[in-house]
Amino acid sequence: MTVRRADLTPARLPRGFADRGAAELKTLREMTERIRETYELWGFEGLETPVFEYTDALGKFLPDQDRPNAGVFSLQDDDEQWMSLRYDLTAPLARFVAENFQRLPKPYRSYRFGPVFRNEKPGPGRFRQFLQFDADIVGAASVAADAEMCMMMADALEAVGVKRGDYVIKVNNRKILDGVMEAIGLGGEENAGRRLTVLRAIDKLDRLGPEGVRALLGRGRKDESGDFTKGAGLDDEAALRVLSILKAKTADNLETARRLFEEFSSTESGQDGARELSAIATLIEQAGYEGRVSIDPSVVRGLEYYTGPVYEAELTFTIEDDDGRPIQFGSVGGGGRYDGLVGRFMAEDTPATGFSIGVSRLLAALTALKGETAPAADGPVVVLALDREHIGRSMAQAAKLREAGIAAEVYLGSSGMKAQMKYADRRRSPCVVIQGSDEREAEIPQVTLKDLVEGAKAAAAIKERSEWTESRPAQVTVPEERLVEEVRAILARHG
RNA sequence: GCCGCCAUAGCUCAGUUGGUUAGAGCGCCAGAUUGUGGAUCUGGAGGUCCCCCGUUCAAGCCGGGGUGGCGGUACCA
């Protein structure tokens, strides 16, 4: 009987964090490998930076005395300097580039993969630690670099198994949005706050629809829980003008760009933005990526540091959840041009553009897409230990298998044969090696090999208990010498 | 942050007008086979009914407070 002690430590996972088991790790590894291959194929090189950065290097969030951990996990070093866990991979890249500027080839094409941390309320599919896989080009001011990023994002998605047509890379330009702001009289420093409100409203188009966005542009909006969100306070004319951006979208990228140009040619930034989009659309077409990348004026993206083209990768397929309701996965990555970011560290401004793939989210989407597949028998061969005094012999058998490149382990627990079989089953072992006194003491020493996959199939047909005990489905007894070949034959049956 | 909902076994959940020993399914362990996983049957282990205070002869159930979780919304570099 277990004694319940008051001082036992509760075993609990911190909120917003997740453990990952063997199966998930495997698919994750395969997925990230595909992404890595894609990036390297495009000539990007790896870079790893630490999870901690000095807080000031990360950007605008300097922890103040009252709320040092708002948004970011922060702590003070022994010299009292604030350090924070990175909340994206872009700011650390900017720091690295600035610190190593002289010796890096420009343009500098690099990728990085790793966990990032955000100290905020977790939700379904939203964690406080998650994985990103970024690629960036630093030192290329041309929109050709932005076009490349979009194309490579498309390639990466296809490499991990998202079919063409099941995703779209949407591109917009912050300059268009800037132009609109200017046109409706929201230019200048004093309107920064309202501009942000407008951008946030546009960003919510997919979730709230045009009416919702309209409400947020004007007075505000009350949601189902009764909470009221204050709007941007635009008058009807201005609100319609903003909404007209969204209407400019057509199936034809060049046509969309042309419409945006006409609509917003009254401001310089609007013109620039539209011209850049037009250039990107042309490059996309010439490179053969039409249909995969789409000019979409509703894309807003990260509200802070983007200065030009912004892009977003969206999965367009839906699957049904347990209750038969459709789930949409939406954005699995995005990025844009951030010409000012490196400039925070150096006098010299350095153009840069890049994107980030939300690996955890993409993995969740792909897993859901594939559905519940029967787990493969990808565990190790388990060598049963029937007699403790002969465990050395079992170890020798396992060693032989390993020499042949076959994953194998000797059962090290203390339970009987039945439990050992159960163990092998749980390990998703394809096959167990059995050598008890019967086999060992035969004239020519033998081993019994049981094919667990075949055994499971045979079991499905058996109804009577006596059949279980009397038939020994899917197992063979062979000379011990032939152990490796026979195991290999069983493994070969199951690919 | 704001609004709402919820908290009983490892999991999903029942639990009568407040009444004695708190249940089910699944899972787990074991036996049916002293050498065989997955079907079946039988048995077993497993509970601070989230915590504290209150009402009551009596609280899983009623009241108050706290904590935790979930959903929506806001924020999201």
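In the text below, chain A, chain B and the rest are named by the order of the sequence lines, each starting its count at 1. Keep in mind the model is a prediction, meaning the values are calculated, not measured.
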Quiz item: Start at the 5' end of RNA chain B and walk down; is the nucleotide closest to A:Thr448 or to A:Phe117 reached first?
Solution: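 Counting from the 5' end, the first nearest nucleotide belongs to A:Thr448.
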
Practice problem: Hey, which sits more toward the 5' end of RNA chain B by its nearest nucleotide, A:Ala419 or A:Val432? | Solution: A:Ala419

Consider the side chain of [X], meaning its heavy atoms from C-beta on, and name the nucleotide among [options] that approaches it most closely.
X: A:Lys121; options: B:G68, B:G71, B:G35; result: B:G71
X: A:Ser437; options: B:A77, B:G35, B:C76; result: B:G35
X: A:Glu439; options: B:A77, B:G37, B:G35; result: B:G35
X: A:Asp438; options: B:G35, B:A77, B:U36; result: B:G35
X: A:Arg15; options: B:G69, B:C75, B:G37; result: B:G69
X: A:Asp425; options: B:G37, B:G71, B:C75; result: B:G37
X: A:Lys450; options: B:A30, B:A77, B:U36; result: B:U36

Looking at every strand, decide which applies to [X] at a 4.0 Å heavy-atom threshold: base, sugar-phosphate, or nothing.
X: A:Arg126; answer: base
X: A:Ser429; answer: nothing
X: A:Ala459; answer: base
X: A:Gln475; answer: base
X: A:Lys422; answer: sugar-phosphate
X: A:Leu384; answer: nothing
X: A:Lys230; answer: nothing

Send over the distance from [X] [atom1] to [N] [atom2], rounded to a whole Å.
X: A:Arg301; N: B:C75; atom1: CZ; atom2: P; value: 16 Å
X: A:Phe130; N: B:A77; atom1: CZ; atom2: P; value: 10 Å
X: A:Asp203; N: B:A77; atom1: CG; atom2: P; value: 9 Å
X: A:Tyr423; N: B:C28; atom1: OH; atom2: P; value: 16 Å
X: A:Met417; N: B:U33; atom1: CE; atom2: C1'; value: 11 Å
X: A:Glu120; N: B:A77; atom1: CD; atom2: C1'; value: 9 Å
X: A:Ile434; N: B:G35; atom1: CD1; atom2: P; value: 12 Å
X: A:Glu441; N: B:G35; atom1: CD; atom2: C1'; value: 13 Å

Euclidean distance for [atom1], [N] against [M] (whole angstrom):
N: B:A14; M: B:U56; atom1: P; result: 31 Å
N: B:G37; M: B:G15; atom1: P; result: 39 Å
N: B:U48; M: B:C41; atom1: C1'; result: 35 Å
N: B:G25; M: B:G43; atom1: P; result: 11 Å
N: B:A30; M: B:G35; atom1: P; result: 14 Å
N: B:G54; M: B:C70; atom1: P; result: 32 Å
N: B:C6; M: B:C49; atom1: C1'; result: 15 Å
N: B:A45; M: B:C3; atom1: P; result: 47 Å

Do [X] and [Y] sit within salt-bridge range, that is, some charged N less than 4.0 Å from a carboxylate O?
X: A:Glu190; Y: A:Arg195; answer: no
X: A:Lys170; Y: A:Glu314; answer: yes
X: A:Arg488; Y: A:Glu485; answer: no

Under 3.5 Å, is there a donor-acceptor pair linking the side chains of [X] and [Y]?
X: A:Ser110; Y: A:Arg112; answer: yes
X: A:Asp339; Y: A:Tyr305; answer: no
X: A:Thr448; Y: A:Glu439; answer: yes

Return the nucleotide paired to [N]: Watson-Crick means purine N1 to pyrimidine N3 with N6-O4 or O6-N4, wobble means G-U with N1-O2 and O6-N3, both under 3.5 Å.
N: B:G4; value: B:C70
N: B:A30; value: B:U42
N: B:C75; value: none
N: B:U56; value: none
N: B:A22; value: none
N: B:G37; value: none

Can a side chain N or O of [X] be found less than 4.0 Å away from OP1 or OP2 on [N]?
X: A:Arg118; N: B:C75; result: no
X: A:Arg426; N: B:C28; result: yes
X: A:Lys204; N: B:C75; result: yes

Self-check item: Between A:Tyr423 and A:Tyr411, ring centroids under 6.0 Å
Solution: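 Aromatic pair counts; centres sit under 6.0 Å.
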
Practice problem: Mind telling me whether A:Phe44 and A:Tyr39 have parallel, tilted or perpendicular rings, with 30° and 60° as the class edges? | Solution: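 Tilted, since the angle between the ring planes falls between 30° and 60°.
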
Exercise. For A:Met153 and A:Ala313, work out which heavy atoms get closest and say how close.
Key: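 The answer is SD-CB, 3.9 Å.
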
